[in-house]
**Q** 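This is the structure I have questions about; it appears just below.
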Amino acid sequence: MQSGKQESDIPIKVRFAPSPTGYPHIGNIRTALFNWLFARHYGGRFILRIEDTDTARKVEGATQTILDSLIWLGLNWDGKPYFQSQRLHLYHEVIQRLLQEGHAYRCYCSRQRLEKVRQEQMRQKQPPRYDHHCRYLSDQERSKLEASGINSVVRFKTPLEGETSFCDLIRGQISFQNGTLDDFILLKSDGYPTYHLANVVDDHSMNISHVLRADEWLSSTPKHMLLYQSLGWQPPQFAHLPMILGPDKSKLSKRHGTTAITEYKEQGYLPQAMINYLALLGWSLDDKTEFFSQEELVKNFSLERVGKAGAIFNKEKLTWMNGVYIRQLSLEEFTQQALPFLNRDLPASVKRPLDNNYIRQVMPLIQERARTLVDVSQLADFFFLEELPYSTTLLLSSKIEASVAMHSLRIVQVTLQSLSTWDAASLEISLRPLAPELGLSTRKFFGLLRSAITGRTASPPLFQTMEVLGKKRCLQRFANSQKVLSNSLMEKS
RNA sequence: GCCCUCAUCGUCUAGAGGCCUAGGACGUCAGCCUUUCAAGCUGAAGAUCAGGGGUUCGAAUCCCCUUGGGGGCACCA
């Protein structure tokens, strides 16, 4: 009727059991992560089981995406993944046993009848449940239906009385009145088991010691307990994890947009940051530590510190954390990570292959400013573009009169033409004194140069940027920007 | 409708009877730094601990009720 004591002598074995009816999202992966952490912490096993018993809703490519997601995050599983579709014989054996021992029965009701019953129950504000129609069929009726070749399903004969309880490792003792439970279906008419049957049979046959799954399964746990009981099997320990919620506090779903975990990879998030952030959704070590390496998580993880309340996924904090992780990367690592994004996102006009040596010079200026890897191309594109999309408003954004700006750019160009050593320090030495000479504040003066050099008002430090760009490009940009200004002046007059 | 469950700043959370005039982080705002941005630093605003009853010398912490949220109630998982 119940379990609950910690059986420490039983080897730890957990499973991640996704169904390939969609791509794994944050919530699925958080469940995988907690299972993985639990297994690794206790030196147990973490297995992967694909619950592909819904032939109708199966999504092509979902299984591969599940594997890819886990690999990306470094959540390595033990052994080969199991597929329930390849284990049908096992479920059928158990069904035979349950049928023979009177714990289950065949149900011949049509979907139409079931729907009608449900409608009626709803109308009367009754809980929608199977009305036991086939539970009490006489032998004659049964063999008659059987002979007619009509399709049937197998239902569990849920006890009408009594209660079923179990001890959840996170929530404590939980009990349900059996009378409120349904005669749920074990085997569908297509011969595939339902989740309830398959998960119980597999968890037992795979010696799963702990089932860590999302909260949404809490209310079907008594059904599973009843099944274990009628099969005479020792149930595993259960721990129902708090759910990850959408911004509207409801269960994550397509309604909330993207969220396939692979999407975050595309969006330039680092797996380390993803893991770290996800671990903090529902688990915490103390009141201040928030950065954990994978090893530190494994070392410190425990179910005792998993909370009970659902958590809203906050992308802003993930992005902040990702930025911190990006800045912690070595320059070499960062460059390697950024390269595919540069190749993908830089305009087609930029020649490929990209110049590795040049990129290596650009990246230090970008790394400390990027919060995601997709930021990189956006932050760095002016380093690669031949023609900058200038506008007079941009060039004059530091509120300098057009004629003054043109004159200043001209002076700068002449000054730099003769500069022999092109590095940030030399550039600063020759340029900084020009501001007072031109009667401009450094703020305005450098602002003007910045827009001419980068085509934008915000950029990495001016002199370093110019050093990396090189003399030729810089002089060209000063010339081009003067041209734009003079054109607009002529138009006006 | 029925069953289960949850409840601390906008968000993630610390808090397991006195350390709490409730701590940290993201975000927000302000200041500093500064050629801009980012980063960094400093500071501020932000939670009558959902509400009401108990228990106790003492409750965010224990109990009860109420309210609110969430989940489940499929031949889906």
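What's counted below: heavy atoms across the whole structure, side chains too, no hydrogens, waters or symmetry copies. Chain A is the first sequence line, chain B the second, and so forth, proteins listed ahead of strands; every chain is numbered from 1.
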**Q** Any side-chain N or O of A:R432 below 4.0 angstrom from OP1/OP2 of B:U35?
**A**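 Yes, because at least one side-chain N or O of A:R432 sits under 4.0 Å from OP1 or OP2 of B:U35.
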
**Q** In terms of the angle between their ring planes, are A:Y269 and A:Y264 parallel, tilted or perpendicular, with boundaries placed at 30° and 60°?
**A**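 Rings of A:Y269 and A:Y264: perpendicular, over 60°.
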
**Q** When you get a sec, tell me which of B:C75, B:G69, B:A25 is the closest nucleotide to the side chain of A:K249?
**A**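 Taking heavy atoms from C-beta onward, the closest nucleotide is B:G69.
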
**Q** Centroid separation under 6.0 Å, is that true for the rings of A:Y277 and A:F313?
**A** yes

**Q** Using a 4.0 Å heavy-atom cut-off, does A:S284 contact any base of the nucleic acid, only the sugar-phosphate backbone, or nothing at all?
**A**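 The answer is sugar-phosphate, as A:S284 gets under 4.0 Å only of primed atoms, P, OP1 or OP2.
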
**Q** Pick the P atom in B:G51 and in B:A38, then give their distance to the nearest Å.
**A**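 Approximately 39 Å lies between the P atom of B:G51 and that of B:A38.
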
**Q** Quick one: label A:S250 by what it contacts on the DNA or RNA (base, sugar-phosphate, nothing), any heavy atom closer than 4.0 Å.
**A** sugar-phosphate

**Q** Check every strand shown and say whether A:K317 touches a base, only sugar-phosphate, or nothing at a heavy-atom separation below 4.0 Å.
**A**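 Base, at least one base heavy atom under 4.0 Å.
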
**Q** Looking at B:A74, B:U36, B:C4, which one has an atom nearest to any side-chain atom of A:R369?
**A**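 Selected nucleotide: B:U36.
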
**Q** Just checking A:P460: base, sugar-phosphate only, or nothing, at a heavy-atom cut-off of under 4.0 Å?
**A**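 It contacts base atoms.
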
**Q** At under 4.0 Å, does any side-chain N or O of A:T21 touch on OP1 or OP2 of B:C76?
**A** no

**Q** So for atom CD, which belongs to A:Q124, do other residues, nucleotides or ligands contribute more than 12 heavy atoms lying within a distance under 6.0 Å?
**A**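 Enclosed.
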
**Q** Any base atoms under 4.0 Å from A:M122, or only sugar-phosphate, or nothing? Heavy atoms, all strands.
**A**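 Here A:M122 touches no strand at all.
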
**Q** Could you measure between the two C1' atoms, the one in B:U21 and the one in B:A59, and give it in whole Å?
**A** 16 Å

**Q** Think A:K188 has a side-chain N or O under 4.0 angstrom from the OP1 or OP2 of B:A77?
**A** yes

**Q** Have a look at A:G282 and say if it touches a base, only the backbone sugar-phosphate, or nothing, with a 4.0 Å heavy-atom cut-off.
**A** sugar-phosphate

**Q** Side chain of A:R111: nearest nucleotide among B:C76, B:G23, B:C75?
**A** B:C75

**Q** Is A:L245 touching bases, backbone alone, or none of the nucleic acid, heavy atoms closer than 4.0 Å?
**A** nothing

**Q** Per the atom types in the model, does the base of B:U36 pair as donor or acceptor with the side chain of A:R450 at under 3.5 Å?
**A**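 Check passes, donor-acceptor contact within cut-off.
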
**Q** Say you pick atom C1' in B:U8 and the same atom in B:C33; how far apart are they, in whole Å?
**A** 36 Å

**Q** How would you label the contact of A:P461 with the nucleic acid (heavy atoms, under 4.0 Å): base, sugar-phosphate, or nothing?
**A**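 The answer is base, as A:P461 lies within the cut-off (heavy atoms under 4.0 Å) of a base atom.
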
**Q** What about A:R171, does its side chain sit under 3.5 Å from the base of B:U5 through a donor-acceptor pair?
**A**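 Counting by modelled atom types and ignoring angles, no donor-acceptor contact under 3.5 Å is found here.
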
**Q** Ignoring the backbone of A:S189, work out which of B:C6, B:C75, B:G27 is nearest its side chain.
**A** B:C75

**Q** Indicate, with a heavy-atom threshold strictly under 4.0 Å, whether A:T53 touches base, sugar-phosphate, or nothing.
**A**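 It contacts sugar-phosphate atoms only.
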
**Q** Select base, sugar-phosphate, or nothing to describe what A:F313 touches, counting heavy atoms under 4.0 Å on all strands.
**A** nothing

**Q** Classify the nucleic acid contact of A:P20 as base, sugar-phosphate or nothing, counting any heavy atom under 4.0 Å across all strands shown.
**A**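 Touches nothing.
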
**Q** Please classify the nucleic acid contact of A:R123 as base, sugar-phosphate, or nothing, using heavy-atom distances under 4.0 Å.
**A**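 The residue A:R123 makes no contact with any strand.
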
**Q** Is there a donor N/O on one and an acceptor N/O on the other, under 3.5 Å, for the side chain of A:S219 and the base of B:C4?
**A**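 No, the side chain and the base share no sub-3.5 Å donor-acceptor pair.
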
**Q** Just N and O in the side chain of A:K251: are any of them under 4.0 Å from OP1 or OP2 of B:G72?
**A** yes

**Q** With respect to the phosphate group of B:G27, does any side-chain polar atom (N or O) of A:R371 fall under 4.0 Å of OP1 or OP2?
**A** yes

**Q** Given A:Y195, which partner from the list A:Y91, A:F184, A:W217 fulfils the ring pair (Phe, Tyr, Trp, His ring centres under 6.0 Å) test?
**A**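 Of all the options given, the one that passes is A:W217.
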
**Q** Is any side-chain N or O of A:R443 closer than 4.0 Å to OP1 or OP2 of B:U34?
**A** no

**Q** Is A:I312 touching bases, backbone alone, or none of the nucleic acid, heavy atoms closer than 4.0 Å?
**A**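 Since only primed, P, OP1 and OP2 atoms lie under 4.0 Å of A:I312, the category is sugar-phosphate.
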
**Q** Do A:R129 side-chain and B:C73 base share a donor-acceptor contact under 3.5 Å?
**A** no

**Q** Around A:K58, counting heavy atoms of other residues, nucleotides and ligands shown, do more than 12 lie under 6.0 Å from its NZ?
**A** no

**Q** Counting side-chain heavy atoms from C-beta on, which of B:C75, B:U5, B:C6 comes nearest to A:I185?
**A**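 Nearest nucleotide to the side chain: B:C75.
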
**Q** Counting C-beta onward and ignoring hydrogens, is there a side-chain heavy-atom pair between A:L416 and A:M466 closer than 4.5 Å?
**A** yes

**Q** Counting heavy atoms from C-beta on, name the nucleotide in B:A77, B:C26, B:A74 closest to the side chain of A:E216.
**A** B:A77

**Q** Considering only B:C76, B:C2, B:U11, which nucleotide approaches the side chain of A:N314 most closely?
**A** B:U11

**Q** Any base atoms under 4.0 Å from A:S398, or only sugar-phosphate, or nothing? Heavy atoms, all strands.
**A** nothing

